[in-house]
Every structure is written in structure tokens, then in C-alpha cells.
Amino acid sequence: MNALAAPKAQSVARLVAGRTARRRRRRWVMAALTLIVLVAFAVTLMVGQTFYSPTEVIDVVLGRDVAGASFTVGRLRLPRVVLAVLTGACFGIGGVTFQTMLRNPLASPDIIGISSGASAAAAFAIIVLDLGGAQVSGFAIVAGIGVAMTIYVLSYRDGVAGTRLVLIGIGIAAMLEAVTAFLLEKAPQWQLQEAMRWLTGSLNGASWGDVVPVAVATLVFGPLLASQARNITLLRLGDDAAAALGVRTERTRLLTIVAAVGLIAFATAAAGPIAFVAFLSGPIAVRVAGPHGSPWAASGLVGVTLVVVADLAGQFAFGTRYPVGVITGALGAPYLVYLIIRTNRTGGSL
């Protein structure tokens, strides 16, 4: 009896030790990402054409009146960095939701046309209808949700297969990008600059009016996604296995798509389609925090880190200032090429 019990006890001990190590690694990674975000957040508030000390910044954040800093920090820098945090979280969580649910790293709103739909609608609103501000954002939100539902319907055939949805989404994205290019070609000079600023993905000119809708969307759609987290995780096993475990697969998938698209659409409406954040956040989170456990918190934090740090780099790391979408695009494009090459070499399918 003792001879049989000893190997079993050793196996249990190794299992417990492995789980403890994974939890410790995840905690350290989350703490490190949080520290990076806090440092970048603080630096964004302090530096610029005028440097403000940490004491002055804290006073402004606490609502005290500080000559000069109350306007520069409170009205210009603070809304910008808060919007960066919210949009980064929305893109990160929304992107990893699609990738997890459809079991495909290419199933990201950047790739399958949702961001392209919002961009085409915004370009149409700016160039053809001569709209601006909240009206452009409204067009982007409606178009993002509409394109997502269109892709879902077109890819539905006895259920939704991840590969089919990705391929249909890539095709629709190509058509929408052609529409955007046509609109830009016909745009007058004074509208072209505004359209390009929006399409690039930028936090320039961010205000509290931009922050509020994204914050509300996060509070509405975030809990909805959280309520489906277990079911989404079980969908990784395949529809048949998930259904056998009690998951209503199509209902879960539809609710999840609505919530994830809501996050992406409102973030895109506020800051434009910040390139590749939704695409990169999930894979980076899995690499640094490990594949075990829920990916949502880690991916959201990675998304925040990418947007806040990229915006800070775009403002001060180069000789000229670049929108945040330019920096994230420079990071994401090589990873997309690498992913496609790796998939071809391993014989996997997209």
C-alpha cells in the first residue's frame, strides 16, 4: 500500500507545486504590467512643453487649483491618459475574447473587418456628410456593430466556425478598406486631414466628453463578458464538448460578440482604430503570464500598457510627434507577418 501511495503523493505534490508556480508567475506579471502603466501614467501627466512636479500633479488630480497646471494637466493631459487606459482595456479585452471564442489568433477586430467598418463609416461621415465630433462617433459605433453582425450571419452554417468567420471577415475588411481609400481619394484637402487623423488612431485633443462614453461602455459590456467567461472558456473545447457540459453555444457566442464589439466600437469611436492593440494583447498576455487561467485581465492590462506606453513614446521618443496608432501599427505589422509564416510552416490553418 505504501509503495503505491508514495508515487501518487509525489504526483499530487508536483501538480500543486506547478499550480502554485503558475499563480505566482501570473501575479508577478500583473504587478509588473501595473507598475509600468502607473509609471507611464505619471510621466504623461508630468512632462510636456511645461514640466510639472509630482506634487503639483497630485494636487490637480485631487481637485486643488494650481496655477497653470490645473488647465494643462486637468484639461489636456489627464483626459488623454485616462482615455488611453480605457481604450487599451477595451481593445485588449475585446480582441482576446474573439481569439479565445473562435480559437484563432487571427480572429481579431483589426483583422476581420470590425475596425474597418467603423473606419469606413467615420470617413463617410466626415467627407460626404461633413459631420464631426459625436456624430462621427455615432456612425462608427453603429457601423462596427453592424459589420460584426453581418459577418456573424454570413459565416453561420450549422454554427459558426472560426476559420470561416475569419475568412469572411478578411474579405469584408478588404472591401471596406477599398471604400475608405476611395473616399479619401475624393476628399477635399480640409476634410482629408481630419479624416486621416481619425483613421490613424490618435489621442490628440482628447477630452472628458470622449472619456465618458467609453467608461459607460466598459461598465455595461465588461460585466456582460464576465458573466460569460466560463462558457467562453468551455467553447475552447469545441461546440460539441461545450454543449455536453451545458453551454448554450450559439446564445453564448452571440452575447459574447455583442459585448466584445460594443467595447471595440466605443473605443474606436473615441480614439480611432488604434492599430493592432486588439490583435497583440491576447498573444502577449499568454506569452508573459502563461496560457493557464483566464486571459481577460492579463490581456486588458497588456492593452492598457501598449496604448499608454505607445502614446508616451509617440509624443516624446522621436524627433517629431506621432499618433499612437502609428506606434502600435509599427509593432503589430511584423507580428502579423510572423504569425502567418509560423502557421504556414507548422501546417496549421488560418
Side-chain angles (χ1 to χ4, degrees), residues 29-58 60-61 68-69 71-92 95 108 110 115 119 193-194 196-207 210-211 214 267-268 270-285 287-288 298-339:
V29 168
M30 298 288 280
L33 290 172
T34 302
L35 180 61
I36 293 171
V37 170
L38 290 175
V39 171
F41 192 103
V43 171
T44 300
L45 294 180
M46 290 189 292
V47 301
Q49 291 185 346
T50 303
F51 177 84
Y52 294 103
S53 68
T55 302
E56 291 174 308
V57 168
I58 292 172
V60 172
V61 172
F71 176 80
T72 304
V73 175
R75 298 285 186 88
L76 301 179
R77 298 179 188 175
L78 188 57
R80 181 187 186 115
V81 72
V82 171
L83 185 61
V85 169
L86 290 173
T87 55
C90 288
F91 284 126
S108 165
D110 301 287
S115 297
S119 299
Q193 185 175 0
E194 173 63 19
M196 287 304 300
R197 187 196 69 80
W198 198 95
L199 293 172
T200 302
S202 174
L203 297 169
N204 294 337
S207 67
D210 300 315
V211 170
V214 187
T268 302
I274 302 177
F276 291 120
V277 175
F279 176 59
L280 288 173
S281 297
I284 291 175
R287 288 293 181 93
V288 299
S299 298
L301 196 50
V302 169
V304 173
T305 304
L306 285 173
V307 175
V308 174
V309 173
D311 185 51
L312 186 61
Q315 291 185 77
F316 304 111
F318 306 98
T320 186
R321 296 195 173 191
Y322 293 101
V324 61
V326 172
I327 307 300
T328 58
L331 294 173
Y335 179 77
L336 176 60
V337 174
Y338 159 75
L339 181 62

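- Taking CG from L45 and CD from E56, the interatomic distance works out to 12.5 Å, rounded to the nearest 0.5 Å.
- Distance check, rounded to the nearest 0.5 Å: OG1 of T305 to CD1 of I284 gives 9.0 Å.
- Side-chain contact check for T72 versus T50: every heavy-atom pair is 4.5 Å or farther apart.
- When all heavy atoms of P79 and V211 are compared, the pair lying nearest together is O-CG2, 3.6 Å.
- In terms of heavy atoms, F279 sits closest to D110 at N-OD2, 3.0 Å.
- The backbone N or O of A69 lies less than 3.5 Å from no partner atom in the side chain of R77, so there is not a single donor-acceptor pair.
- Within the model, atoms OG1 of T87 and CD1 of I274 stand 4.5 Å from one another, a figure rounded to the nearest 0.5 Å.
- Side chains of L78 and F41 form a contact here, defined as non-hydrogen atoms less than 4.5 Å apart.
- Shown are L203, V85, L312; of these, the side-chain contact (heavy atoms from CB on, under 4.5 Å) with V307 is made only by L203.
- In this structure, V324 and S202 approach most closely via the heavy-atom pair CG1-CA, 4.1 Å.
- Considering only residues two or more places apart in sequence or on other chains, Y322 meets the ring-ring contact (aromatic ring centres under 6.0 Å, His included) condition with F318.
- With values rounded to the nearest 0.5 angstrom, L301 atom CG is found 9.0 Å from I36 atom CD1.
- Looking at every heavy atom in both residues, T328 comes nearest to A275 through OG1-O, 2.8 Å.
- I58 contributes atom CD1, which lies 8.5 Å from atom OG of S53 (distance to the nearest 0.5 angstrom).
- Of all the heavy atoms in D210 and G205, the pair that sits closest is OD2-O, 3.9 Å.
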With side-chain contact (heavy atoms from CB on, under 4.5 Å) as the criterion, how do V304 and L33 come out once you've worked through the C-alpha distance, each side chain's angles and the decisive distance to 0.1 Å? CA-CA 9 Å; V304 173; L33 290 172; over 6 Å; no

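- Considering all non-hydrogen atoms of both residues, V309 and A40 come closest at CG2-CB, 4.2 Å.
- Pairs engaging residues 299-324 under the salt bridge (charged side-chain N to carboxylate O under 4.0 Å, His left out) rule: R80-D311 [sequence neighbours left out].
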